[in-house]
Amino acid sequence: MPAGVFKETYEADMAFIRYPIHKAALIAAIIALLAAPAVLDRYYLSLATTALIFWVAVMGLNITVGLAGQISLAHAALMGVGAYTVAHAALKLGLNAVLAVPLAGITAMAISVLLSLPSFKLKEYYLAMASLAAQLLLEYAFSRIDPDQYTPVPPEAKVLAGVDLNNPVNLYYFTALVAVLMAVIAANIARSTYGRAMKAVRDNDVAASIVGVDVPLTKALAFAIGGFYAGVAGGLYAIYSVGIGWEAFTLIVSIELLGMVLVGGPGRVVWGSLLGVLTLRTGWTLLESQLTPLLSALGMTAYASAFKYIVLGAVITATIILEPEGLIAVLRRVKEYFRLWPYSY
Amino acid sequence: MPPLLSVANAEIMYHPYILVIKNLSLKVEEGTITCILGPNGAGKSTLLKAISGVIKYERGRVTRGSINYRGDDITNRDPDEIAKMGIIYVMEGRRIFRELTVKENLDAVAYVTGSGPDEVKAVLDYFPRLKERLEERAGNLSGGEQQMLAIALALLHKPRLLLLDEPSLGLAPKIVSLLYSTIRQLHDEEGITILLAEQNARKALEISDYGYVMENGKIVMEGPADVLREDKDIKEFYLGMGRGRTSYRNVKWYRRKKRWV
Amino acid sequence: GRGSEETAGEEEVITINVGLLVDETGPTSDVGIGYARGAEAAFKYFNEKGIYTKDGVRVEINYIKRDYAYNPTQAEEFYREFRDRYNVIAVIGWGTADTEKLSDQVARDKIVYISASYSAKLVVKPYNFFPAPDYSTQACAGLAWLREEYGGGKIALAYDSKVAYSRSPIPAIKEASKILGLEVVGDFDLPLRASEADAERVAREIKAAGADFVWCGNTISSCSLLARALAKVGADVVMLVNVWGFDERSPDLVGEEAYGMVAGISPFIYPVFASGIEGFNVIYEAAELAGIPREEVTLRFVQGFVNVWLLVKAIESVTSEDLLSRGGEALKEILESQTFDFGGITAAPVKFQPGFHVPYKDVYIVMLAEDGSLVLEGKYSAPKGIDCARVTIERG
Amino acid sequence: MSLEEWSNLVFQGILLGVLYSLVAMGYNIVYRVNKSINFAVPQVVLLAAYVSLIVAVAVGSFIAAIIAAVLVSIAVSMALERTVARPLLGRPPVALIGATLGVFYALKGVVLIVGGSRVATIPIDIDYYEVGPLDIATNDVISLAGALPVFASVVILHRKTRFGAAMRAVAEDAEGAAAYGLPVKRLMLAGWALAGLVGGLGSILLAIKTQVSPELEYFAIRALAASLIAGLDSLGGVIVGGIALGLAEQIGSKILDPYLPGIGRDIAFLVLLIVLFVRPYGLFGSERIERV
Amino acid sequence: MQNSSSVIGEAKVDGVWDTSSLYMKKYGAGERILWTVDVTLSFGGVRALDRVSIVVRKGELLGLIGPNGAGKTSLLNVISGVYKPEKGRVFFKGIDISNLKPHERARLGIARTFQHGEMFHSMTVLETIMLRLHPWHRGSIVEAALWAFRAKRWEVEAREKAEYVIDLLDLHEYRHMPVGALPPGVQKKVDLAAAMVQDPEVILMDEPMAGLSREEKDDIVRAIIEIRETRGTTMVLVEHDLEVVTDICDRVVVMDRGKVIFDGPPHEAVKDEAVITAYIGG
Ligand SMILES: Nc1ncnc2c1ncn2[C@@H]1O[C@H](COP(=O)(O)OP(=O)(O)OP(=O)(O)O)[C@@H](O)[C@H]1O
Ligand SMILES: Nc1ncnc2c1ncn2[C@@H]1O[C@H](COP(=O)(O)OP(=O)(O)OP(=O)(O)O)[C@@H](O)[C@H]1O
Ligand SMILES: [Mg+2]
Ligand SMILES: [Mg+2]
């Protein structure tokens, strides 16, 4: 018996699935994804669906911010671009909403590339503020095109080839399919030469250009990919929702998305993002539905939402301070601990 | 008379558990120049940071043993307190405030020392070049000038013990010579005790009275400078003189295996 | 969930779930908190007092409150929770954007939705109800008051053109002005989040336009800033404010200089004029039960209370069997077939036509007098020749 | 449009700008001592405003309200230094941005509990005066009189004193500053406290000028735009940046409103984007020396 | 300025060494690989480079020395394309690369190490090395996203190349460690390994041995000599350790205050009056 798993070729060493445990985990995950509708009731299924949608969005932001180091506070607005693209394509052009999702990705990507222009010159806080400005200007634009704060995707546009996405189970499977595909793509990009170029730009862009990275192109690429993800997520959201309004894509949502990246694990595109979404969104929703009755019982119902802000904000800040690499690093440490168990250092 | 500074059985760690210095003891006598030699990563800077308290800013601390200065225990104190007691650490890599002008650099430190204009002028007298460039942003100074400024800032404190960390790093030979003669001069004229960490063993041993050799966080050798200068191993590994000087050109043909450890 | 039956002692009790969607932390929370308190007090009060169906079965309402911070997307999330997790048969809602957004969905889900948005677009939605005229009808009634009190003149419309609530009555106002002989001198964009400088700029523009009247369609913050600014720039106008832009706090907010210039519309009578109105006995009793002092019973509290009250009245008119088997659908039928009286709190008794839910067409006008007190000008009705709600539905 | 209308527009723009500058200065002071932006400022401003409202109503004294606002702002600011900024020393900007945004979020909750997003006015008597074509109210006078001396003293403190140099030194390299014996912790705390003071004052002046309401939060976000328009490390420039912004907002709204209704509050960000395209470090900011 | 200065080989002397013309006289045409003509660069008031013309011959190891602030790093930065000189041109293999972007120059075969050690502190050693192959990557972003076709094949090839230099500089144990966590000596080695993996025609090395001990310097020198022997790579070495320079360089160029003050064999340089005054000291 070999004492461990050794790799014979670099190809094998670089493969996605390197160890039997990876394979096992993957199979378990797929089964869980497939079986969810059978296990979960309608409410939890819709929670799962939104979690998947936000996972897509956060993966995109994680590529822009975590991998390439280009701070963006306009991600929610880009989701909005995607959502409005789908809604208007369905309403005005009569396009099928599912078919409009790639279009949503591309539209948001185009806008995101525009937003990347400041990044050629700006860094850090200045860049963050430029994106914040873009976010607020886009919000204004949304409020002009959607003054009723309500743009629906007609239910009949959500049926493609006999599959009716108005049905929550179908919608869940569709979302899961898209999300997993996007996750695989994100993982591949992160480990490819494009991912390395982005990391180099993040660490030191002048040096990156000297070693042969086309810095503006790489930044634009990072924004483009991030925008595409945001657009797709927004498009999915438009299908999920009975109607979108611009309040779904405000600055506070951008802050939350950034929080998810930083809490989950910046630069850990796939699993870090998922962890961020599960903690800050799904986790909170579940907690809130327990917390609200509890607080009401204590006569503090008016504080329930105030607590939301306090708890989520504290989680974001504390994680950033205590765990620079995000919760995923905590998980890794736990894993490491058990791998070495019973021999802890 | 007790030594000016003594480090006794110190163990120094960075967060979370990076043990860099193990059970190290060393003494610096008042009025001497003492040098610490050692390869990269031996822990020279770590030691100086621990003495000056700056190590706190890198999440490090002395976990065992003690550091004594003129009879006071200064282990793990705050750097500004230690500075007030007369120990100033001139960090590696010319740590000056690059975005401030030379004058603002001096002002910033004078804020804490409370030096008057005369005292500032007195310090600048050692570094005539700086006087001409008071309004220049420090980041635009040449490397030598930056190192001079770094020392000048330290001098505003009228230190008793100056910790110099690789002052010659990345400097041209001429500047190195100038710098070392200035250090010598400071020692002679101001009576400042100096603890010097260096890679440039030749220069360091030239001006030192006493030397320590550090490797892997431990002192592996110590002695008066003139003794060390003649030591066979020091000659070979630190001064690059085996039997006569070994040329770098022949580097391929030998691969020395040394280690006192 | 719906229909869960239990026996408490000897009495049979039906528990039904009702969602309560409020804004206590969002941009409209300055009025939303009062509304939420009113609604909660009503739930507690009626549960305590006992709600009995037509056939005498006791109903316990289990309300699930969620604060959606005026974010329609969040509202949808909570609506899903109400529907999928708690199987509610009715929702007490809040804002215009979210109510309009959910209106088709609630019809599909057959859930009665009583909200605080009096948007005209909702009156044709089968499952949406509110015990007041829609904003357009209210505004028209307000214009009728202006006409009657001051004669004709020029009117300026100040509102936030990107907020559904503010925009809602504008088409009707423009149409009704023609009939009443008022001249609209322009639309002035006043952000819901106006700064004082914004308000002053708009005030100067209004003054320059030579307006005699101003319609303010926003909420209390920007409307009171506008009133203050109008006084500062010395505009000689009367400002008529939509229901959410004027209440008991207005005297403080607009400042002395604006006294005598501002009037507010309300479909419900203000608590300051409560004496002699029997419906208020119920409200005060409920407030007492909830431990809320009388002075905190505000117009907003009343609005929340009455919405729940309407639901309770509907439940009381339905049979237990209907309630259990058809839930929201049964309530809808009752709401569309009966007249509900709130003891003089609403400007008129509530009677919904099937397919067109404008329960009455009267409003109260409350004036902020020169001495800073609130004066009830009286009850006014929308002009006869025009159906303001329809105008908005067709044009909006 | 009449001269009167224009002159009042400009006057109000300047007044607004002065208040922008005051809040913006809070950002810049923190930047100069910590190389970070405190994104939590908008909520601190709001919190201070609500507390001062509560105090004003309870005590009935206007001075007490000012003191309360300033004290709250200073206290929160110092607490943030201790709990957030200090542990994050040496971490990249994205960490600071994220952490202070987290605080923004958390403080929003605190503000909701304290203020309940009420809309109210600080009870003071307001009189109106006519000076030439200008309509001036008591609160206009108070904002000007309150802001200008503070500007002057902060600028002098930073520009002309060793204290200012020491603060900047700490901002650039805290560890290096510590090695030279600078009391890093105290300086940072002092810097944040000063920022808190300026912010608190800005908050109460704003409350007097308009209302105490959740909208103050957006005002402070726009002030951040003013701070970047000026350049984060410039103090004197903030006044120009703020006033430029106030004027742009007023005049821009006036001109653009017919075409883009309600663009007013977003003009700040349009201006910001334009400025950053032309001058990446703001109008008066100094470029960072970057070397390889 | 006279117009003559832009013509290679005809620049006048006037107290400044004009190496391009000197080179023509000394070595004849044809062998040079990289040269600059009259490069001038200022920062604010500081004249970092003042009409610098240097020539690098194919296959040689050129030492570039001079006091601090002489402009050595600036010159490398001009060659790499980070700074745009106000005047002057840079030529590589006969073509004018003055208007190319930094990454385009890297692609042509100019590699570079950095004065301040690690530049990409959060990347692992393997990533840092493979990064340097980015200019030659094959496969579109779509292929990379799918980890298929050309992109996948290229990644494997890149990994092989990276492993080769990891071997050469004995970096095995650090392969998956972030560069920022390594001791400075190892960082310098990684930097050199990374430059080597590009298999460049010219490597520009900015103080690759600064702050290293004698033993570590030996390691770097050993690698340098190894590369030269196996691949014949042309190198420019900026270094303050005169012993290293005199031992291993074929020729040195000495700069002072933005000007070239000496160009010739190392043993002559150390005896040169001007060099001693400006650089070595008495
Ligand atoms: N802030 C830190 N956190 C963790 N480890 C550190 C830190 N600073 C240094 N180390 C580690 O401590 C060891 C000793 O480093 P130190 O800088 O003290 O060595 P040195 O002798 O000064 O070397 P050099 O000659 O390169 O200056 C090294 O292995 C280094 O990686
Ligand atoms: N980005 C920059 N901004 C401003 N001045 C600069 C910049 N880069 C270099 N300089 C200035 O240009 C001159 C030359 O600097 P350079 O770094 O090229 O010198 P060097 O020869 O490499 O010195 P060293 O041996 O210290 O590395 C110096 O005066 C330096 O201050
Ligand atoms: Mg060191
Ligand atoms: Mg250099």
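We name chains A, B, ... by the order of the sequence lines, and we start the count at 1 in each one. Just so it is clear, the model here is predicted, and its values are computed rather than measured.
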Inspect the surroundings of [atom1] in [X] and state if more than 12 heavy atoms from other residues, nucleotides or ligands are less than 6.0 Å away.
X	atom1	result
B/Glu189	CD	yes
E/Arg231	CZ	yes
B/Arg133	CZ	yes
B/Lys22	NZ	yes

Checklist entry - Looking at E/Pro67 and B/Ala172, what are the two nearest heavy atoms and their distance? => result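 So the minimum-distance heavy-atom pair works out to CA-CB, 3.6 Å.
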Item to check | Smallest separation among heavy atoms of B/Gly170 and E/His240, with atom names | outcome: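 Result for this residue pair: O-CD2, 3.1 Å.
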Checklist entry - Where on B/Leu169 is there a heavy atom nearer than 4.5 Å to chain E: the side chain, the backbone, both, or neither? => result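 Only the side chain of B/Leu169 comes within 4.5 Å of chain E.
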Next on the checklist: So for B/Glu136, is it side chain, backbone, both, or neither that comes closer than 4.5 Å to the heavy atoms of chain E?
Outcome noted: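 It is the side chain, since no backbone atom gets that close.
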Next on the checklist: Counting heavy-atom pairs closer than 4.5 Å to chain E, which one of B/Asn200, B/Ile175, B/Leu171, B/Leu178 comes out on top?
Outcome noted: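 With the most close heavy-atom pairs to chain E, the winner is B/Leu171.
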Checklist entry - Which one of E/Ile65, E/Ile224, E/Asn68 has the most heavy-atom pairs closer than 4.5 Å to chain B? => result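 Looking at each of E/Ile65, E/Ile224, E/Asn68 in turn, E/Asn68 comes out on top.
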Checklist entry - When heavy-atom pairs shorter than 4.5 Å are enumerated against chain B, which of E/Asp241, E/Leu212, E/Val46, E/Thr277 gives the highest number? => result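 Most heavy-atom pairs under 4.5 Å with chain B: E/Leu212.
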Which portion of [X] sits near chain B, non-hydrogen atoms under 4.5 angstrom:
X	result
E/Ala278	backbone
E/Leu242	side chain
E/Phe43	neither

Checklist entry - Please walk me through it: do B/Arg202 and E/Glu243 pass side-chain contact (heavy atoms from CB on, under 4.5 Å)? => result CA-CA 13 Å; B/Arg202 196 169 309 157; E/Glu243 283 176 12; 2.8 Å; yes
